[in-house]
Amino acid sequence: MKVHITDDFDLKKIQDSGQCFRVRETGNGIWRFIHLDRILYISRTGESEYEVSAGEDEWREIWQPYFDLDRSYESIRQAIPEEDAFLKRASEYGKGIRILKQDPWEMLVTFIISQRKNIPAISKSVELLCERFGRRADTEEELFFFPDSEEMSGADEEALRECKLGYRAPYVLDAVNKVRSGEIDLCKLNEYDDRKLFEALKTINGVGDKVANCICLFAYGRTALVPVDTWIARVIETEYNGQSPFDRYGGAGGILQQWAFYYARETG
DNA sequence: TATCAGGGCCTAG
DNA sequence: CTAGGCCCTGAT
């Protein structure tokens, strides 16, 4: 099926934006995305035209929200004043990135794993986790879904360490326990305001400010929240004299953060 | 081969 | 509030 996307949209930049770790280019300009047990193949076929493997209903109900397509990123870019030269530059450089609305459980586990790792190492661990605990997809290529909390409930620390989780293994076990017991209801958390959501996530072992903000932004679409990692901390220090510029942009701070992160990481 | 840093967080003091 | 320690991997 063909779809039209007129707003900023760049598959390669989305893949490299550091919020998703299982997106692959399968060749010939076709990108593969996985959300829960859905797989999407998508390629650009014209100025604002894309070929997608999904039907109309699935596109509208699953992938349109997934890519946050009801929001105009172009107008967010244009609202940045010229005086804010760095963010102006970063937003143009990162034009095409979207904040993906991904599965909360997957984001919780993935960003617990992410601490003190680089992106290739995160991808490796996530892939091992999928192969070991996830369900195999009914596809020609060997492909595994991200394991849900039930599928991971049989995991012990040793098995997780074999997935290269290191000292994070007990953290992930705590996440499994809290979700399986109902102490944390990832679906219910959606009803909380930003602050409550953030605090609830932090009750899980291994979830600090940075990881909690990532989950809020990349799973719950809380675009006002700004994860501060080493790259963003560096930007705030060197470009803004230690004064974070992101709060000035209210509800869009998290989106600007993503442009800044991408720009800083890609250009050194 | 050795060294360093990596999308941090927890615990002690 | 601040300093170590942590388990490894990827990069140089």
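Values below: every heavy atom of this structure, side chains too, minus hydrogens, waters and symmetry copies. Letters go in sequence order (proteins before strands), and every chain restarts at 1.
Positionally, the nearest nucleotide of DNA chain B for A:Pro227 lies more toward the 5' end than for the other of A:Pro227 and A:Val207. Each of A:Arg116 and A:Ala212 lies near DNA chain B, and the nucleotide nearest A:Arg116 is the one positioned closer to the 5' end. Summary of the strand contacts: A:Lys117 and A:Tyr171 both lie near DNA chain C, and taking for each the nucleotide with the nearest heavy atom, the more 5' one is attributed to A:Tyr171.
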**Request:** Go through the steps to decide whether A:Glu74 and A:Ser72 satisfy the test side chain to side chain donor-acceptor pair (under 3.5 Å), and finish with yes or no.
**Result:** CA-CA 5 Å; A:Glu74 184 185 3; A:Ser72 169; 5.1 Å; no
Next on the checklist: Using salt bridge (Lys or Arg N to Asp or Glu O under 4.0 Å), reason through A:Asp57 and A:Arg60 one step at a time and then give a plain yes or no.
Outcome noted: CA-CA 5 Å; A:Asp57 291 347; A:Arg60 190 180 57 247; 3.2 Å; yes
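For A:Val211, taking side-chain heavy atoms from C-beta onward, the closest of the listed nucleotides C:dG10, B:dC10, B:dG8 is B:dG8. Here the side chain of A:Arg234 is nearest to one of B:dG6, B:dG8, C:dC8, namely B:dG6. Residue A:Lys124 has its side chain nearest to C:dG10 when only C:dG10, B:dC9, B:dG6 are considered.
A:Glu162 places its CD atom 12 Å from the P atom of C:dT9, with the value rounded to the nearest Å. Between the C1' atom of C:dC7 and the CG atom of A:Leu160 lies a distance of 13 Å, rounded to the nearest Å. Between the CZ atom of A:Phe111 and the C1' atom of B:dG6 there is a distance of 14 Å, rounded to whole Å. If you take CD of A:Gln115 and C1' of C:dG5, they are 13 Å apart, rounded to a whole angstrom. Counting to the nearest Å, the P atom of B:dA5 and the CD1 atom of A:Ile119 are 18 Å from each other. Rounded to a whole Å, the CG atom of A:Asn205 is 6 Å from the P atom of B:dT11. As a whole-Å value, the separation of A:Asp209 CG from C:dC1 C1' is 14 Å. Rounded to an integer number of Å, the gap from A:Tyr167 OH to C:dC8 P is 11 Å.
In summary, of the residues considered (A:Val172, A:Val211, A:Ile122), a side chain to side chain contact (heavy atoms under 4.5 Å, CB included) with A:Thr110 occurs for A:Ile122 alone. None of A:Thr223, A:Ile99, A:Asp7 except one satisfies the side chain to side chain contact (heavy atoms under 4.5 Å, CB included) rule with A:Arg71; the exception is A:Thr223.
Counted within 6.0 Å of NZ on A:Lys124, heavy atoms from surrounding residues, nucleotides or ligands total 12 or fewer; the atom is thus considered open.
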Each base of DNA chain B marked ( ) or [ ] if paired in-strand (Watson-Crick or G-U under 3.5 Å), | if paired to another strand and . if unpaired gives .|||||.||||||
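Contact check on A:Lys188 versus A:Glu191 returns a salt bridge, with a Lys/Arg side-chain nitrogen under 4.0 Å from an Asp/Glu carboxylate oxygen.
The ring of A:Phe111 has its center closer than 6.0 angstrom to the ring center of A:Phe21.
Residue-level contact check: A:Thr110 touches neither bases nor backbone, having no heavy atom under 4.0 Å from any strand. Base contact: A:Lys210 has a heavy atom under 4.0 Å from a base atom. Across all strands, A:Gln257 comes closer than 4.0 Å to base atoms (heavy-atom distances).
A close approach under 4.0 Å does not occur between any side-chain nitrogen or oxygen of A:Lys164 and OP1 or OP2 of C:dC8. Within the structure, every side-chain polar atom (N or O) of A:Asn118 is placed at least 4.0 Å from both OP1 and OP2 of B:dA5.
When all heavy atoms of A:Gln19 and A:Gln102 are compared, the pair lying nearest together is O-NE2, 2.9 Å.
Between B:dA2 and C:dC7, the two P atoms lie 22 Å apart (nearest whole Å).
Interface remark: the A:Arg168 side chain does form a donor-acceptor pair with the C:dC7 base, using a distance-only criterion of under 3.5 Å.
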